[in-house]
Student: 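Before I ask anything, here is the structure I am working with.
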Amino acid sequence: MVSPYSGIPFEKWADKTKELIAQHPLDVNEIYEIILDVWDEIFDSSITSRGYKIGKDIFPSPQIIGSLLHELIPLELFSRYPHLWRREQNTTEKDLVYIPDDSFSIEIKTSSSPRGFLEIGVMHKKALLAKPRRVNQYTI
């Protein structure tokens with residue numbers, strides 16, 4: 001695939017990024033809302049029959065929280081729009097598949113730092129759709 005930035009001066013990349021985001025079927029505000037909702041639900045839910053809570057009783061690493069987000073964000077979109085979005089079904093697909101047009105399928109990326117921060121980003125193969133958000137796992 002040829003980069004959509006090919007032949008465009010670096011100074012114009014921000015404009016091209018905005019254009020690509022505007023073309024994407026997933027609204028930037030909605031994906032941001034979904035990420036925050038899923039994040040809150042992770043910390044509101046309980047684990048095991050004893051009802052252990054993340055951030056209160058157990059403190060999983062940022063990588064584990066990232067894995068949960070990686071699984072739950074596609075499930076949330078599928079539950080809202082089952083005819084438009086679904087989870088990946090095999091390793092050749094993106095994490096979140098746009099059923100009508102695979103070119104709009106996206107990857108969900110998380111990263112962590114030694115200081116206990118987790119960054120969440122949602123990336124289309126052409127542009128970053130949601131600005132990465134830094135959160136400290138112990139202050140949620």
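Index from 1, following the sequence. Computed over heavy atoms, backbone and side chain alike; hydrogens, waters and symmetry mates excluded.
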Student: Let me check something: do Leu72 and Ile64 share a hydrophobic cluster, defined by ILVMFWY side-chain heavy atoms less than 4.5 Å apart, either directly or through other members?
Tutor: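 In one cluster: no.
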Student: Does a side-chain heavy-atom distance below 4.5 Å link Glu71 with Arg87?
Tutor: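 Contact flag for Glu71/Arg87 side chains = yes.
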Student: Say whether Leu84 and Leu96 are linked into one hydrophobic cluster, either directly or through other cluster members, by side-chain heavy-atom distances under 4.5 angstrom.
Tutor: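 Yes, one cluster joins them.
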Student: I'd like to know if Leu68 and Ile108 are part of one continuous hydrophobic network [Ile/Leu/Val/Met/Phe/Trp/Tyr, side-chain heavy atoms within less than 4.5 Å].
Tutor: yes
Student: Considering non-hydrogen atoms only, spot the tightest contact between Ser79 and Pro82 and give its length.
Tutor: O-CD, 4.1 Å
Student: Is the shortest side-chain heavy-atom distance between Ile106 and Val97 below 4.5 Å?
Tutor: no
Student: Do the side chain of Ser6 and the main chain of Ser3 share a donor and acceptor less than 3.5 angstrom apart?
Tutor: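 Looks like no, no N/O pair under 3.5 Å.
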Student: When you measure from the side chain of Glu93 to the backbone of Gln89, do you find a donor-acceptor pair of N or O atoms at a distance under 3.5 Å?
Tutor: yes
Student: Are Ile73 and Asp95 side-chain neighbours, meaning at least one heavy-atom pair lies under 4.5 Å?
Tutor: no
Student: Do you know the tightest heavy-atom contact between Pro4 and Leu20?
Tutor: CG-CD1, 3.8 Å
Student: Tyr98 vs Phe104 aromatic rings, parallel, tilted or perpendicular, using cut-offs 30° and 60°?
Tutor: perpendicular
Student: May I have the list of side-chain donor-acceptor pairs in residues 47-59 shorter than 3.5 Å, sequence neighbours left out?
Tutor:
residue : atom : partner : partner atom : Å
Thr48   : OG1  : Arg50   : N            : 3.2
Lys53   : NZ   : Asp44   : O            : 2.5
Asp57   : OD2  : Lys53   : N            : 2.9

Student: Consider only side-chain heavy atoms of I, L, V, M, F, W and Y, link residues closer than 4.5 Å, and tell whether Ile65 and Leu75 are in one cluster.
Tutor: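 Yes, because Ile65 and Leu75 connect within a single hydrophobic cluster, where side-chain heavy atoms sit under 4.5 Å apart.
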Student: Are a donor atom and an acceptor atom from the side chains of Glu76 and Tyr81 found within less than 3.5 Å of each other?
Tutor: no
Student: Any link between Ile31 and Ile99 through a network of hydrophobic side chains (Ile, Leu, Val, Met, Phe, Trp, Tyr) touching at under 4.5 Å?
Tutor: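 Cluster IDs for Ile31 and Ile99 differ.
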Student: Could you give me the CA-CA distance, side-chain angles and deciding distance for Asp102 and Arg86, then say whether salt bridge (Lys or Arg N to Asp or Glu O under 4.0 Å) is met?
Tutor: CA-CA 11 Å; Asp102 188 55; Arg86 66 171 173 77; over 6 Å; no
